[in-house]
Amino acid sequence: MTQNNRPAGALTNALDPAALLREARAVFTNQYPGAEPDALSDGPGPQMFFRATGNVAAVVNGEGVGATADSEGMIEVYFSYGMQWIPVQLAAERIEATMTGELIDLAEGIRTFGERLDANHRSWRSRYLRAGTIGDNATI
């Protein structure tokens, strides 16, 4: 049951923030030469994984910001670096390895505070629903 007026039913897999951060730090300097991997920290949580339209892997965070996998199976996942959010490209299978087993509905996982977040929820929920029967993509 949602604590807001958003439609529920888009179940996602919660990602372990510590494990996800380890994955990001392992590739961070390849993507950002000269950057300090230890300065990278968690992005806006929770980070949620699911299959979107066309069975494409997707990651969405608590701000409703996310990305789907590109043709090579890479997904931009947002982390904090300094005073900004920064995307790090991670392989979908490495992201899947950080799943906790906890299911989070997008209606609850994306924070509620205004129309922008509600619009983000509508957009990602729509991609989720176009992927198949509600609930099917939560247990990948």
Side-chain angles (χ1 to χ4, degrees):
M1 175 108 195
T2 63
Q3 301 297 313
N4 55 59
N5 293 325
R6 292 178 181 162
L11 298 177
T12 65
N13 289 284
L15 301 176
D16 179 327
L20 194 62
L21 183 57
R22 279 192 301 276
E23 293 293 338
R25 284 179 174 164
V27 299
F28 188 61
T29 54
N30 290 337
Q31 295 174 33
Y32 298 95
E36 288 294 324
D38 289 340
L40 191 68
S41 60
D42 295 329
Q47 299 274 10
M48 302 165 280
F49 180 91
F50 67 98
R51 295 287 175 172
T53 308
N55 201 33
V56 175
V59 173
V60 177
N61 63 39
E63 292 294 313
V65 175
T68 56
D70 64 16
S71 61
E72 296 169 6
M74 302 297 286
I75 304 174
E76 285 188 341
V77 180
Y78 286 82
F79 295 87
S80 178
Y81 189 75
M83 299 296 286
Q84 63 185 356
W85 301 121
I86 187 169
V88 176
Q89 294 266 339
L90 296 173
E93 62 269 7
R94 298 305 318 143
I95 296 169
E96 282 185 85
T98 72
M99 291 189 313
T100 65
E102 174 190 1
L103 299 180
I104 299 175
D105 196 296
L106 282 175
E108 296 295 328
I110 298 173
R111 72 183 182 95
T112 55
F113 185 72
E115 179 54 34
R116 177 187 63 86
L117 293 163
D118 290 341
N120 290 351
H121 170 259
R122 282 191 300 273
S123 175
W124 284 107
R125 184 175 186 274
S126 176
R127 290 179 185 189
Y128 177 97
L129 294 176
R130 287 192 309 253
T133 306
I134 293 177
D136 282 355
N137 22 17
T139 54
I140 299 169

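By the criterion of side-chain heavy atoms lying less than 4.5 angstrom apart, applied directly or through intervening Ile, Leu, Val, Met, Phe, Trp or Tyr residues, V77 is grouped together with I86 in one hydrophobic cluster. A continuous path of hydrophobic side-chain contacts links V60 to L11 [ILVMFWY only; heavy atoms under 4.5 Å]. Linking ILVMFWY residues whenever their side-chain heavy atoms come closer than 4.5 Å, directly or via other members, leaves I95 and V56 in distinct clusters.
Interatomic distance, R51 CZ to N13 CG, rounded to the nearest 0.5 Å: 10.0 Å. The CG atom of L20 sits 11.0 Å away from the CZ atom of R25 when rounded to the nearest 0.5 Å. Atom CG of D16 and atom OG1 of T98 lie 6.5 Å apart (nearest 0.5 Å). Note that CG of L90 is 8.0 Å distant from CD1 of I75, once rounded to the nearest 0.5 Å. Interatomic distance, CD of E76 versus OG1 of T68, reported as 9.5 Å (0.5 Å rounding).
Counting heavy atoms from C-beta on, the side chains of V27 and R94 never come closer than 4.5 Å. Counting only heavy atoms from C-beta outward, the side chains of N61 and M48 never approach each other to under 4.5 Å.
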For residues 35-45, tabulate all N or O donor-acceptor pairs below 3.5 Å that involve a side-chain atom, not counting sequence neighbours.
none

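Put simply, the side chain of Q31 gets close to the backbone of Q89: a donor and an acceptor are under 3.5 Å apart. Judged purely by atom type and a 3.5 angstrom limit, Q47 uses its side chain to pair as donor or acceptor with the backbone of Y78. For the pair T100 (side chain) and A14 (backbone), a donor-acceptor distance under 3.5 Å is present.
Taking all atoms of both residues into account, the shortest heavy-atom contact from F50 to T12 is CD2-CG2, 3.6 Å. In terms of heavy-atom proximity, W85 sits nearest to S80 at CZ3-CB, 3.6 Å. The minimum heavy-atom distance linking V88 with F79 is given by the pair CG2-CD1, 3.8 Å.
Judged as a ring-ring contact (aromatic ring centres under 6.0 Å, His included), the pairs with a partner in residues 15-36 (not counting sequence neighbours) are, in order, F28-Y32, F28-Y81.
Open room surrounds CD on E72; 12 or fewer heavy atoms of other groups in view lie less than 6.0 Å from it.
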